[in-house]
Amino acid sequence: MTEELEHYILRHIDPEPDNLARLNRDTHVNCLYANMCSGHLQGRLLKMFTRMIKPRRVLELGTFTGYSALCLAEGMDDTAELHSVEINDELQDFIESHFAESPMSDRMHLHVGDAQEIIPTLGDGWDLVFIDANKRNYIEYYKLIAPRVNPGGFIIADNTLWYGKVTDSSAHDAQTEGILRFNDYVAADDSVEKVMIPLRDGLTVIYKKPQTLAK
Ligand SMILES: C[S@@+](CC[C@H](N)C(=O)[O-])C[C@H]1O[C@@H](n2cnc3c(N)ncnc32)[C@H](O)[C@@H]1O
């Protein structure tokens, strides 16, 4: 995607809400690796996906400063709730202060800790899960999450093209390996339908097929 095309797109989609523009600025001023923030285009897409899926329970792994969580929450209807897990406890006050500005704040729950420990404590019945935490552990998150997603539910995984390293045979770092293992595992999983979208750093959208009833 050229910069010119990206600017064109941003001028022709819904504008970035003020609270998210502020959060993006605060993130860039205060945080290392600010480019981890989903940003305007991916944020609007996450909101749109949430509108389309109409989930009752939404789970996010990897809150960072809260940008994607706020976008997911924006797309929720009045009864839905979002749980987001972040391992970096230094971000807690920052995240909570931005969650507090959202009209959905009472239905947005932050859990500080390791996703692999927290997932089993949050129960089942997820309709939408956004995986965006440690790239090395995507496959472990998936194995924990998939049985806890409702039939007909969705998992969206971010960064599945990992800066294009997925096709670079010289890339053997742990994060690239983690993404490669995850992509291969999902590709071979017949219990789901999947599509990869080459937006930003790659998004994989995964649909858990409803179980067929035994005869
Ligand atoms: C790419 S950032 C998330 C960006 C955010 N979802 C967004 O789009 O704005 C990844 C985050 O995952 C967190 N993380 C890494 N390992 C984790 C783990 N084991 N459990 C929970 N969070 C983790 C990191 O601290 C980081 O804040």
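Numbers for residues simply follow the sequence, beginning at 1. For ligands, and for the atoms within them, numbers begin at 1 and follow the listed sequence. Excluded from the calculations below are hydrogen atoms, water molecules and symmetry mates; all remaining heavy atoms, backbone and side chain alike, are included.
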May I ask you to identify the nearest protein heavy atom to atom 7 (C) of ligand 1, giving residue, atom name and distance to one decimal place in Å? Ser68 OG, 3.0 Å

Per-atom contacts of ligand 1 with Phe64, taking only distances under 4.0 Å to non-hydrogen atoms: 2 (S), 3 (C), 4 (C), 5 (C), 27 (O)

Looking at Lys165 and Asp173, is there a salt bridge between them, counting it only when a charged N and a carboxylate O are closer than 4.0 Å? yes

Within the 4.0 Å heavy-atom cut-off, what Asn159 brings close to ligand 1 is neither

Closest heavy-atom pair, Ser38 versus Leu46, reported as atoms and distance to 0.1 Å, is OG-CD1, 4.0 Å

Measure from the side-chain N and O atoms of Asn159 to the backbone N and O of Asp201, and report whether any donor-acceptor pair falls under 3.5 Å. no

Please answer: with hydrophobic residues joined when any side-chain heavy atoms are less than 4.5 Å apart, are Leu32 and Leu23 in the same cluster? yes

Which donor-acceptor pairs under 3.5 Å do the side chains of residues 103-115 make with protein atoms, sequence neighbours left out?
residue	atom	partner	partner atom	Å
Ser105	OG	Ser102	O	3.3
Arg107	NE	Asp78	O	3.4
Arg107	NH1	Asp77	O	3.2
Arg107	NH1	Asp78	O	3.4
Arg107	NH1	Ala80	O	2.6
His111	NE2	His83	ND1	2.8
Asp114	OD1	Gln116	N	3.0

Taking N or O atoms only and a 3.5 Å limit, does Lys135 qualify as a polar contact for ligand 1? no

Ala133 heavy atoms, cut-off 4.0 Å: which ligand 1 atoms fall inside? 12 (O), 14 (N), 17 (C), 22 (N), 23 (C)

Determine, for Glu74 against Arg44, whether the closest basic-nitrogen to carboxylate-oxygen distance falls under 4.0 angstrom. yes

Pairs of nitrogen or oxygen atoms closer than 3.5 Å, one from Asn88 and one from ligand 1: do any exist? no

For atom 12 (O) of ligand 1, which candidate among Gly66, Gly39, Gly62 provides the closest heavy atom? Gly62

If you measure from each heavy atom of Gly113 to ligand 1, is any distance below 4.0 Å? yes

For atom 15 (C) of ligand 1, what is the nearest protein heavy atom, given as residue, atom name and distance? Asn134 N, 3.7 Å

Using heavy-atom distances only, which candidate in Asn137, Ile87, Asp132 approaches atom 23 (C) of ligand 1 most closely? Ile87

N or O contact, Cys37 vs ligand 1, cut-off under 3.5 Å: no

Provide, to 0.1 Å, the distance between atom 9 (O) of ligand 1 and the closest protein heavy atom, together with that atom's residue and name. Ser38 N, 3.2 Å

Check each atom of ligand 1 against the heavy atoms of Ala115 and keep those under 4.0 Å away; list them by number with element. 18 (C), 19 (N), 20 (N), 21 (C)

Take atom NZ in Lys54; do more than 12 heavy atoms of anything else shown fall under 6.0 Å from it? no

In ligand 1, the atoms that come under 4.0 Å of a heavy atom of Glu60 are 6 (N)

Keeping the roles fixed (side chain from Lys194, backbone from Asp189), state whether a donor-acceptor pair exists under 3.5 Å. yes

Expected output: side-chain Glu86 to main-chain Phe64 donor-acceptor under 3.5 Å: yes

Look at ligand 1 and say whether Asp114 reaches it with a heavy atom at a distance under 4.0 Å. yes

So for Tyr141 against ligand 1, with non-hydrogen atoms under 4.0 Å, the contacting part is side chain

For atom 27 (O) of ligand 1, which protein heavy atom lies nearest, and how many Å away is it? Glu86 OE1, 2.7 Å

Value rounded to 0.5 Å, distance of CG in Leu70 from OG1 in Thr65: 9.0 Å

Contact region, Gln42 to ligand 1, non-hydrogen atoms below 4.0 Å, reads neither

Short side-chain to backbone donor-acceptor contact, Tyr207 and Val195, under 3.5 Å: no

Side-chain donor/acceptor of Lys209 to backbone N/O of Glu193, under 3.5 Å: no

Consider ligand 1: state whether an atom of it lies below 4.0 angstrom from any non-hydrogen atom of Gln116. no

